[in-house]
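Encoded as structure tokens, the structure appears first; notes follow it.
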Amino acid sequence: MLFNSLFFIGAFLPVVVVGFFLVGRISRHLAGLWLCAASLFFYGWWNVNYVSLLMVSVLFNYSAGYLMGRQARQGENPGRLSGWILLLAVAANLCLLGYYKYAQFFLNTFDHLAGTDWSLGRIILPLGISFFTFTQIAFLVDTNRGKAKEYNFVHYLLFVTYFPHLIAGPILHHAQMMPQFALKQTYAVNWRNVALGVTYFIIGLAKKVLLADMFSGTASAIFQATSQGTGPMLVEAWIGALFYTLQLYFDFSGYSDMAIGMSYILNVKLPLNFNSPYKAKNIIDFWRRWHMTLSAFLRDYLYIPLGGNRHGIIRRYVNLMVTMLLGGLWHGAGWTFVIWGGLHGFYLVVNHGFGAFRRRIGWEEGRLGRFGSCVSTGVTFWAVVVAWVFFRANNFTTAWTLLRGMAGLNGISLTNSPGNLPASWVEFLNAHGVIFEGFTPITLYTGVTLTKLALGLIIIWFFPNTQEWMAITSDSPAGAEERGFLKRWNPASTWTCAGVGVLMAVCLLDLMSGPPSEFLYFQF
Amino acid sequence: MKTYLVKLAAVVVIMMVGHYVILFTIRTPIPAEYWVREFIVVKQYQAAAMPSPKLIFAGGSFTLFGIDAVEVQRSLGLPAINLGLHAGMRLEDHLAEVSLAAKPGDVVVLSLEPAYYNYYTYRWNGWDLRNAIAWDHASLDSLPFGRRLQLFVESSDISISLDLVETGIIEHFFPTSLRRRQEALGPDQAIIARYLAEQGKSPVFVFDISNLDSNGDMLNTEGTTIALEGKKTSPMEPASISPYAESVLVPFLAEMKNRQVRVFFDYTPYMLSLKPGEEWKESEVAFSGEIRRIGGELLEQRDAFFYPNSLFFNSYLHLNAQGREKRTQTLIEALRHKLKLPAGS
């Protein structure tokens, strides 16, 4: 069931919300169970067979966490036994993930190297397995560290299966969620939260339906043509990479906004996942703004346990590379994802190295003022776009062909006709890879394409993001300062009502006229 | 906050109800492809004037741009009508036009764009709806209320209702600016009269009956224009025939057979910057099997339709004059071979 489907918006979500608050009047425990049941129904809608896998995973991790916690509660020396339980449980989780997500990939790699032809048959990747596995690994580690202390099974089940985050995050911490499930206020309607949540959800829906889906057609056409052997030329290769860059952002941040919004309606605050990542001034900044919950997970449960920056510069850089390579592999079982992670690891190493160099020569940050800031943002964006090519391409050849195109090595196509250019000039240009088949010979529609691109870039660089506009970057919206050039969300304003209402109506009309498209992060 | 939510819901409801009310109640000549209506009238008029046996080339705009029926007629000595219209039209509508024009002994070459073979259900698309609202009122109004509501819900977007209102305002204050659209809505005789007066007189390319020749071919398509529209067709398509397309095509083929009309299926062009790999061959084998399965007959092979960008006019489906010349020669040879016509005929 997709968040952007009419069934979800018009039936599932309203029934769940109304049922939750009605049952919540009778019993908080029952209301929790209602949400669990709804979440499992939501998950089972995709493939009912994998509900049992999800439940086994939940029961196993809960039991492991409970055992570790009991050691601590009984005052027994938790160190050794708890450590073993943690090790076994994390290993079991990684085995589960490894089997469903990576076994075929590693086997294919082995086949390729050894010339064998082994296969595990067709393994269907359970939806959201990366997310619910990582969420539970974090729980186990937190329990071992003594940070997770509540063991109400219904709350735990809800923490893992909670439908707004189950499929594609945000990745949650036990400590963020359990106290909210225990609060009495969570189970009573809070109209302020409903208003915030509905608005947040609509903005997320609009990002997905009106923006991400708009960018997907052109991006897919160019990547597909490239994978089929067409070498996109300079302008079109950049358009392909930039459209995918925009599509991915609006798709994933739209999903996150919808998850945060519907959760607000249920009085549960989910952590933010995006903070205008393409406004980042360097790669370190980018990773503080892009998929923030995954970045925090990788930092807390991988980079820091590996030693972080505590063992010298070289070890720090190695740790960064390892973290990002594994982060890349988490996204998908393919070498292109590893390369994507490796590229970001490399970027981070360069970024840290440059920072250290800058400090050594006493060059203050922000010295170049606004111009320097724009250049930093531009360079960071460029680096991110280049890396997304590997993320999107289905193999190296495709990625390489597109990157060659972005460098102009596949030639340059200009307007459809050389116009009044002398024939000798045209001949000269043709001989040097310049042809006249339109700027976008694969996808055509040059004017429309460039207009869409400009619109997307204006939104990502000059518009406030959802939480800025909604002023919920802090928990005190009333005191939050006005940001950006768009007026802040104001429920008392007729213009706000009209604007958000029109956005919702347009999205609904769009959804009615065709089937909804999947979110990109579902594949991870 | 409750007030905010109530207002928000009210805006959504008002917007949506307003959208459907506008679709049901307002009929203004919104921007659409009125030339299709005029071409249908003119081409049926041309076909009716031709004796049988004749050749009928039908399909979307590829046929309109890509076949020189005058040249075919001259080379094969058989009357030939180019019944190519628009690839946005429903399959049923194309077949209805063919059915109207075909007489015993005729030969039909049906070059359907690949999407036609993938239709999975009876459904109007956005193009159908916009054009039905603009000029095909009879089709729209013949549908029962429930079917129309379903159609509006499934196929309309907000731009249509906005256009209906905007055109209504223009119609009220600046009626002369909509003169051409109003002409297309006039009686068939008026359209035919205009065609006879202006036939072939357009000095430049335009989607207008003045730019059609006596056999329904599009004129003034030399060179390549700047704005290429649409997306390319993959050489892997079509590969199969959907159950729905089959349910429409099979009765049509049976009807044509009863009427002693021979029907050939043919492809539409593939715009290829680079030479494709060999994968398309599997697709071709699969598709020709599908055509045989529904009782049809393929006229040519897919690779006869691979053309470089320079032979296209203003879309990936529209060959230019040079492309059309090349295409027509191939077609003539294929027809001569299939119909066992003597060389030089």
Side-chain angles (χ1 to χ4, degrees), chain A residues 6 189-199 202 217-218 220-221 224-225 228-233 410-411 413 415-417 419 435-448 489-494 496-510 512-514, chain B residues 1-20 23 120 123-126 129 150-162 223-232 234-236 271-277 279-280 308-310 312-316:
Chain A
L6 288 173
V189 183
N190 177 329
W191 289 107
R192 178 186 160 274
N193 282 349
V194 174
L196 268 171
V198 166
T199 311
I202 292 171
T218 303
S220 300
Q224 193 186 342
Q228 288 173 352
T230 302
M233 284 175 264
N410 295 335
S413 180
T415 52
N416 259 88
S417 142
I435 60 168
F436 295 88
E437 290 194 358
F439 286 107
T440 52
I442 295 173
T443 48
L444 315 175
Y445 279 132
T446 302
V448 177
W489 177 69
N490 173 13
S493 154
T494 305
T496 302
C497 287
V500 177
V502 167
L503 215 52
M504 182 62 178
V506 173
C507 287
L508 287 177
L509 288 170
D510 189 281
M512 284 172 162
S513 63
Chain B
M1 290 297 174
K2 278 187 189 174
T3 314
Y4 168 72
L5 288 164
V6 170
K7 280 185 187 173
L8 195 63
V11 171
V12 174
V13 171
I14 289 168
M15 278 282 293
M16 297 192 67
V17 170
H19 171 72
Y20 295 121
L23 291 181
Y120 57 92
R123 181 168 180 169
W124 290 39
N125 58 32
L129 181 60
Q150 185 193 353
L151 167 65
F152 290 155
V153 169
E154 286 178 349
S155 304
S156 70
D157 62 50
I158 193 86
S159 68
I160 297 184
S161 52
L162 292 177
T224 301
T225 62
I226 288 169
L228 280 172
E229 296 173 5
K231 290 176 185 168
K232 286 183 183 179
S234 162
M236 303 296 287
M271 185 200 271
L272 300 166
S273 302
L274 296 172
K275 194 170 164 32
E279 303 84 13
W280 64 269
N309 290 21
S310 59
F312 286 80
F313 182 56
N314 62 354
S315 132
Y316 74 112

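Reckoned from all heavy atoms, side chains included, excluding hydrogens, waters and symmetry mates. Below, chains carry the letters A, B, ... as their sequence lines are ordered, and counting in each starts from 1.
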- Query: Of all of B:Ile14, B:Val153, B:Thr3, B:Val13, which one pairs up most often with chain A through heavy atoms under 4.5 Å apart?
  - Reply: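 Option with the greatest count: B:Val153.
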- Which one of A:Val500, A:Val198, A:Leu196 satisfies the side-chain contact (heavy atoms from CB on, under 4.5 Å) criterion with B:Tyr4?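 By the side-chain contact (heavy atoms from CB on, under 4.5 Å) criterion, B:Tyr4 pairs with just one of A:Val500, A:Val198, A:Leu196: A:Val500.
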- Message: Which one wins on heavy-atom pair count under 4.5 Å against chain B: A:Gly501, A:Ser493, A:Ala498, A:Pro491?
- Response: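 Going by pairs under 4.5 Å, I would pick A:Pro491.
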- Heavy-atom pairs under 4.5 Å with chain B, option from A:Val502, A:Asp510, A:Val506 with the top count: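 Ranked by contacts with chain B, first place is A:Val502.
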- What are the two closest non-hydrogen atoms of B:Met1 and A:Trp191, and how far apart are they?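 Heavy atoms of B:Met1 and A:Trp191 come nearest at CB-O, 3.5 Å.
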- Message: Using every non-hydrogen atom in the two residues, find where B:Ile158 and A:Leu509 come nearest and quote the distance to one decimal.
- Response: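 Residues B:Ile158 and A:Leu509, closest heavy atoms: CD1-CD1, 3.5 Å.
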- Interchain contact, A:Leu503 with chain B, by part (heavy-atom threshold 4.5 Å):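 Neither part.
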